[in-house]
Colleague: 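Before we start, here is the structure in question, set down as C-alpha cells.
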Amino acid sequence: MTRFIDVSAVSRLVGKTGVETFFRGMVDFIEADYRRWEAFDKCARVANHSEIGVIELMPVADQAQYGFKYVNGHPSNTARGLPTVMAFGALSDVETGYPTLLSELTLTTAFRTAATSVFAARQLARPQSRSMAMIGNGAQSEFQAIAFHTVFGIDELRIFDVDKNATDKLARHLMAFPNLKVIKSESASAACEGADIVTTVTADKRWATILTADMVEAGMHINAVGGDCPGKTELAKDVLDLSSIFVEFEPQSRVEGDIQQLPADHRVTEIWRVLKGLEAGRESDSEITVFDSVGFALEDFSALRYLNHLAELHSEGETIELVPTLDDPKDLFSLTVPAAAALEQKAA
C-alpha cells in the first residue's frame with residue numbers, strides 16, 4: 001500500500017510540529033541531502049512551456065529511493081481563483097519501483113523553497129544579518145519571512161509589492177510574530193536601503209528588473225527566488241556583474257535562473273560545494289553574494305522524505321491502493337473479473 005498525504009494532513013503536521021520546528025526540520029533534511037550530493041542521479045527538470053505558463057517534472061534518485069515532483073507556474077491563475085503554483089509528488093523504492101508515498105506538494109513546496117533560502121543564507125549571508133527586504137509579497141512571502149525570522153534570526157523586515165493588498169495581507173499574517181518588526185515600504189528601493197539580505201520573490205513571467213545595481217549595497221546577500229524559467233528574471237545584469245553567484249544545479253540554472261542573462265563562461269558556484277568546503281562562500285563582509293534559486297528536484301526529494309518521516313511519527317496520512325494487490329502478480333486481468341460478473345448479472 002502507498003501512503004497518501006493530502007493538504008489537510010500537511011496542515012495538521014505543521015500544527016502538531018509547530019511552524020518553527022517544522023522549518024528547522026525541513027532545513028536539516030535539505031542540508032543532509034546536499035551533503036551527499038554525489039550520491040544522487042540528477043538532471044534538469046523537464047519543462048513544457050506555453051505563452052502563459054509552464055508545467056514541469058522534476059526527478060531525482062539515490063540508490064534507495066526515486067522521487068519526482070509535478071509542478072506548474074501560471075502567473076495569471078490568480079485571476080481565475082487558482083494558485084500560481086500547484087504541485088504533487090511521489091517517492092518510490094528503487095529496488096522494486098513500488099510507490100511508497102504520494103503527497104501534495106503545493107503547500108510543502110512553499111515550505112521547502114523558504115527552507116532552501118535559509119539553508120543557502122547560512123552559507124552566504126553575513127552571520128550578523130538581522131534586517132531583510134522582501135520585494136514581492138505574494139503566496140511565498142510569508143514562508144520566506146517566517147523561515148528567516150525563526151531559523152536565521154532576522155528581526156526586521158521591510159516589505160514592498162506593487163499590489164498594496166498583498167503587502168497588507170503579508171503584514172497581517174506576520175502580526176503573529178511580535179518579535180519581528182515589519183515595515184511597509186513605499187518602494188523597492190526604500191525597502192532595500194540598509195538591508196542585510198534582499199529577497200526577491202515575484203511571479204511575472206517576463207524579463208523583469210526588480211533589483212537594480214543602485215539598490216545594492218556592500219555586504220548584501222541577495223536571495224533571488226522568483227526567476228525560475230526561461231524568459232523570467234528579477235535581477236538586472238549589472239547586479240550579477242557585481243556579485244559572487246551561487247546556484248543549485250548549474251545546468252538547470254543556466255537555462256532558468258537570473259544567470260540566463262550571462263555568458264556561459266561566467267563563473268558560478270553550486271551551493272553544495274560551499275557546504276562541503278570545496279569552494280569558498282562569502283569571503284568578506286563587503287562582498288555581495290547572490291543565491292540564484294530556481295528550485296531543484298533534490299529539495300523536493302528532501303521535502304518528501306521529511307513529510308514521510310513526520311507522517312510516521314504522528315500517524316498522519318492514509319494508505320491507498322495506488323498499485324494493484326494481486327494473489328498472482330502475473331494475473332492482472334483477474335481484477336476485471338468481479339466487474340465483468342457484476343455487469344453480466346445486471347444485464348440478466
Side-chain angles (χ1 to χ4, degrees), residues 10-31 107-161 163-202 211 215 217-226 281-282 285 289 291 293 299 303 306 310 314:
V10 172
S11 295
R12 289 192 298 271
L13 286 172
V14 175
K16 291 177 180 179
T17 307
V19 171
E20 179 177 351
T21 301
F22 190 89
F23 264 125
R24 289 186 181 278
M26 184 77 78
V27 172
D28 289 345
F29 267 65
I30 291 170
E31 180 171 321
L107 177 58
T108 303
T109 291
F111 277 103
R112 81 89 163 113
T113 301
T116 302
S117 295
V118 170
F119 154 69
R122 282 177 167 178
Q123 316 303 318
L124 304 175
R126 291 174 294 185
Q128 68 271 27
S129 298
R130 292 296 175 266
S131 64
M132 183 166 81
M134 177 88 70
I135 313 303
N137 302 161
Q140 172 66 204
S141 59
E142 287 87 353
F143 298 88
Q144 293 281 334
I146 294 167
F148 271 96
H149 174 54
T150 60
V151 182
F152 191 87
I154 291 296
D155 55 27
E156 181 180 285
L157 182 70
R158 298 96 170 269
I159 60 177
F160 174 77
D161 196 301
D163 179 359
K164 292 188 176 181
N165 290 329
T167 298
D168 291 341
K169 176 265 306 180
L170 174 59
R172 185 173 63 252
H173 285 158
L174 295 180
M175 289 175 65
F177 299 86
N179 294 325
L180 177 61
K181 181 180 180 181
V182 179
I183 301 169
K184 296 181 184 179
S185 300
E186 293 299 317
S187 65
S189 180
C192 293
E193 189 173 347
D196 298 312
I197 298 172
V198 175
T199 290
T200 56
V201 58
T202 59
L211 193 69
M215 298 161 64
E217 300 177 10
M220 271 184 175
H221 170 61
I222 300 165
N223 177 41
V225 179
R282 171 176 292 275
D285 279 352
T289 55
F291 178 49
S293 174
E299 298 145 19
Y306 184 51
L310 289 180
H314 295 286

Colleague: For the backbone of Arg158 and the side chain of Lys181, can you confirm whether one donor and one acceptor N or O come within less than 3.5 Å of each other?
Modeller: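 Pair absent, no side-chain N/O of Lys181 close to backbone of Arg158.
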
Colleague: Where do Ser11 and Leu107 come nearest, in terms of heavy atoms and distance?
Modeller: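 It is OG-CD2, 3.8 Å.
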
Colleague: Name all residues meeting the side chain to side chain contact (heavy atoms under 4.5 Å, CB included) criterion together with Asn179; count only those two or more places apart in sequence or in a different chain, and write none if there are none.
Modeller: His149

Colleague: Any ring-ring contact (aromatic ring centres under 6.0 Å, His included) pairs touching residues 128-148, not counting sequence neighbours?
Modeller: Phe111-Phe143, Phe148-Phe152

Colleague: Quick one: side chain to side chain donor-acceptor pair (under 3.5 Å) partners of Thr113, sequence neighbours excluded?
Modeller: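 Thr113: no side chain to side chain donor-acceptor pair (under 3.5 Å) contacts found.
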
Colleague: Any chance you could measure His221, atom NE2, to Met132, atom CE, to the nearest 0.5 Å?
Modeller: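 Answer for the NE2-CE pair, His221 versus Met132, is 9.5 Å.
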
Colleague: What residues, two or more places apart in sequence or in another chain, satisfy salt bridge (Lys or Arg N to Asp or Glu O under 4.0 Å) together with Glu217?
Modeller: none

Colleague: So, taking the atom named OG1 in Thr200 and the one named CG in Leu211, what distance separates them when rounded to the nearest 0.5 Å?
Modeller: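 Thr200 OG1 to Leu211 CG: 6.5 Å, rounded to 0.5 Å.
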
Colleague: For atom NZ of Lys164, decide whether the heavy atoms of other residues, nucleotides or ligands shown that lie under 6.0 angstrom number more than 12.
Modeller: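 Incorrect, the count does not exceed 12.
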
Colleague: Residues two or more places apart in sequence or in another chain: which of them pass side chain to side chain contact (heavy atoms under 4.5 Å, CB included) with Ala166?
Modeller: Asn137, Asp161, Asp163

Colleague: Going from CG on Leu174 to NZ on Lys169, what distance comes out if it is rounded to the nearest 0.5 angstrom?
Modeller: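 If I round to the nearest 0.5 Å, the distance is 9.0 Å.
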
Colleague: If you look only at pairs with a residue in residues 124-134, which of them pass as a side chain to side chain donor-acceptor pair (under 3.5 Å), with sequence neighbours excluded?
Modeller: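 The answer is Arg126-Asp196, Ser131-Asp196.
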
Colleague: Working note: Leu310 + Lys16, criterion side-chain contact (heavy atoms from CB on, under 4.5 Å); need CA distance, chi angles, decisive distance, verdict.
Modeller: CA-CA 10 Å; Leu310 289 180; Lys16 291 177 180 179; over 6 Å; no

Colleague: Run the ring pair (Phe, Tyr, Trp, His ring centres under 6.0 Å) test against Phe29 and tell me which residues pass, sequence neighbours left out.
Modeller: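 Testing Phe29 for ring pair (Phe, Tyr, Trp, His ring centres under 6.0 Å), a comparison that skips the adjacent residues, returns Tyr306, His309.
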
Colleague: Report the residues that fulfil side chain to side chain contact (heavy atoms under 4.5 Å, CB included) with Arg12, sequence neighbours left out, ordered by chain and then residue number.
Modeller: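 Ser8, Ala9, Glu316.
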
Colleague: State the OG1-CD1 distance between Thr167 and Ile159, to the nearest 0.5 angstrom.
Modeller: 5.5 Å

Colleague: Who are the side chain to side chain donor-acceptor pair (under 3.5 Å) partners of Ser117, not counting sequence neighbours?
Modeller: Gln144, Asn223

Colleague: Of all residues at least two apart in sequence or in a different chain, which pass the side chain to side chain contact (heavy atoms under 4.5 Å, CB included) check with Ala303?
Modeller: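 Ala303: side chain to side chain contact (heavy atoms under 4.5 Å, CB included) contacts with Met26, Thr108, Arg112.
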
Colleague: Would you give me the side-chain donor-acceptor pairs under 3.5 Å for residues 182-193, sequence neighbours excluded?
Modeller:
from   : atom 1 : to     : atom 2 : distance (Å)
Lys184 : NZ     : Asp168 : OD1    : 2.7
Ser187 : OG     : Ala190 : N      : 3.0

Colleague: Supply the atom-to-atom distance Ile154 CD1 to Met134 CE, rounded to the nearest 0.5 angstrom.
Modeller: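 Between Ile154 CD1 and Met134 CE, I get 10.0 Å after rounding to 0.5 Å.
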
Colleague: Residues in ring pair (Phe, Tyr, Trp, His ring centres under 6.0 Å) with Phe291, at least two apart?
Modeller: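 Once residues adjacent in sequence are excluded, Phe291 has no partner under the ring pair (Phe, Tyr, Trp, His ring centres under 6.0 Å) criterion.
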
Colleague: Rounded at 0.5 Å granularity, tell me how far CZ in Arg172 sits from CG in Asn165.
Modeller: 9.0 Å

Colleague: I want to check something: taking the side chain as every heavy atom from C-beta on, are Ile146 and Val19 in contact at a cut-off of under 4.5 Å?
Modeller: yes

Colleague: For the residue pair Leu170 and Ser141, what are the closest heavy atoms and their distance?
Modeller: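 That would be CD1-OG, 3.6 Å.
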
